[in-house]
Every structure is written in structure tokens, then in C-alpha cells.
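Report on the following structure.
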Amino acid sequence: GLSSTSTGIVWAFPKKDQLYTVSGIDQYGCEASAEVQVVVQGSGSKAGISSATTDICEGETAKLTASGASRYAWFDESGEMLGQGAELSFEPERDITVRMEARQEGGCASQDRASIRVKPAPALSLEATKTSICAGESIILTADGALEYQWEPSPGLIPNGKQATVAPLSDRTFRVSAEDGLGCSA
């Protein structure tokens, strides 16, 4: 589109490559015309973040992918560069908004943002009613800090949610893993 078709100064807003022609008549009645070809760089596509992991657990890797351009740079909120290229993988320690800046072959620039929420890992604890027992004596192990628990090793272990009863015949190490309400595990 043009801002006007009958004045000497015209603003053009092409969305794609366009050939513009102007014709006019001078004070002597002579006609003339001129043409200009305007090439719109990156027409039809704008670079952006095409995929991102927006919720991760503490210690996990966030992955972002951009598309629509030839060069990319990634920055945190303070402007510190996190990486370059169409893909970015990193381990944020806190919630963060990442800014992607892209340049297309013709030099046109665009930006996009993605916010990543870092959920805390469960603060898991494990206690035993005793840590030194006689062979075959039973003790109760109690875990805390999560919603669901998985006990190891399972032979000789009687799990009951956050508690497990054991009666080892020799020295044993027991482990518990858990998942909290946010989907994070420890």
C-alpha cells in the first residue's frame, strides 16, 4: 500500500517484493516515468522460539529451539549472553526469562522471549529408629519431604508409603527416591 498516489512524497509499506512506478508531467507538458524495485528481506516469516521446556526441576536442563533466521543469540534478563545458534541447552538455577535475537540473511532482526520456571527439588530426609542393630532385628525407616516414595533394595524391605520396615541379617544400605507434587524427584 501507498500513503498517497498524487503527491510528490509517498510512503510505501510493502509486505513482499514490489515494483513501484511513478509517472509525471513537467511544466512543458512532457511525460516521464521511473521505476524502483523494493526487496523486502525476510518477507513471510519472522524468526521466533519454536519450542521450549518451560517447567523444569532444579538441576534439569532447559532446551530452547529457534527457527526462521540464519543467526541466533540468546541472553538472560541482565543481557548476559547464554549462547549462540538455533538451539540452547543450559541449567538455570532460578526462574528466568530468556531473550532470543535473530538475524536473517538480509540483515533483518527480530526477537522472541521464553520464560522458564525452575521448580525446587524435594528436600528429602531419611531416618531410622536405630542405626546399629542385631542380625534379624527389625527397624523402621522413615522418609519425609515428598508425596510418593520408592524404596531400594526391595528384598527384605516392607514398604508402607513414607515408612519401611526392615530386618537385615547383615550390613545393608537402603535408599529411597521420591517425587513431590510439582513432579520433581530426589
Check the pair L88 / Y72 against side chain to side chain contact (heavy atoms under 4.5 Å, CB included), numbers first and verdict last. CA-CA 10 Å; L88 174 69; Y72 306 90; over 6 Å; no
Taking the side chain as every heavy atom from C-beta outward, state whether [X] and [Y] have any pair of such atoms under 4.5 Å apart.
| X | Y | value |
| --- | --- | --- |
| F174 | L126 | no |
| W151 | V166 | no |
| P92 | D76 | no |

Inset, instruction - Please determine, by modelled atom types, if T142 and Q163 share a side-chain donor-acceptor pair under 3.5 angstrom. - result: yes
- request: Return yes when atom CD of Q37 has more than 12 non-hydrogen atoms of other residues, nucleotides or ligands closer than 6.0 Å, and no otherwise.
  value: yes
Quiz: residues 110-121 side-chain donor-acceptor pairs under 3.5 angstrom, not counting sequence neighbours:
unit_1	atom_1	unit_2	atom_2	d
D112	OD2	I49	N	2.8
S115	OG	T97	OG1	3.1
R117	NE	D55	OD1	3.2
K119	NZ	L182	O	2.7

Return the [atom1] to [atom2] distance between [X] and [Y], rounded to the nearest 0.5 Å.
| X | Y | atom1 | atom2 | answer |
| --- | --- | --- | --- | --- |
| W74 | M100 | CH2 | CE | 5.5 Å |
| L64 | T54 | CG | OG1 | 9.5 Å |
| S185 | L124 | OG | CG | 10.0 Å |
| K162 | Y149 | NZ | OH | 5.0 Å |

Quick note, side chain to side chain donor-acceptor pair (under 3.5 Å) partners involving residues 127-140, not counting sequence neighbours, are K130-E137
- Message: Is there a path of hydrophobic side-chain contacts, each under 4.5 Å between heavy atoms, that joins L141 and I133?
- Response: yes
Start with the C-alpha distance between V98 and L82, add both sets of side-chain angles, then the distance that settles side chain to side chain contact (heavy atoms under 4.5 Å, CB included), and finish with yes or no. CA-CA 9 Å; V98 176; L82 300 172; 4.1 Å; yes
Worksheet item: For K63, does its backbone N or O pair with a side-chain atom of T53 as donor and acceptor, under 3.5 Å?
Response: yes
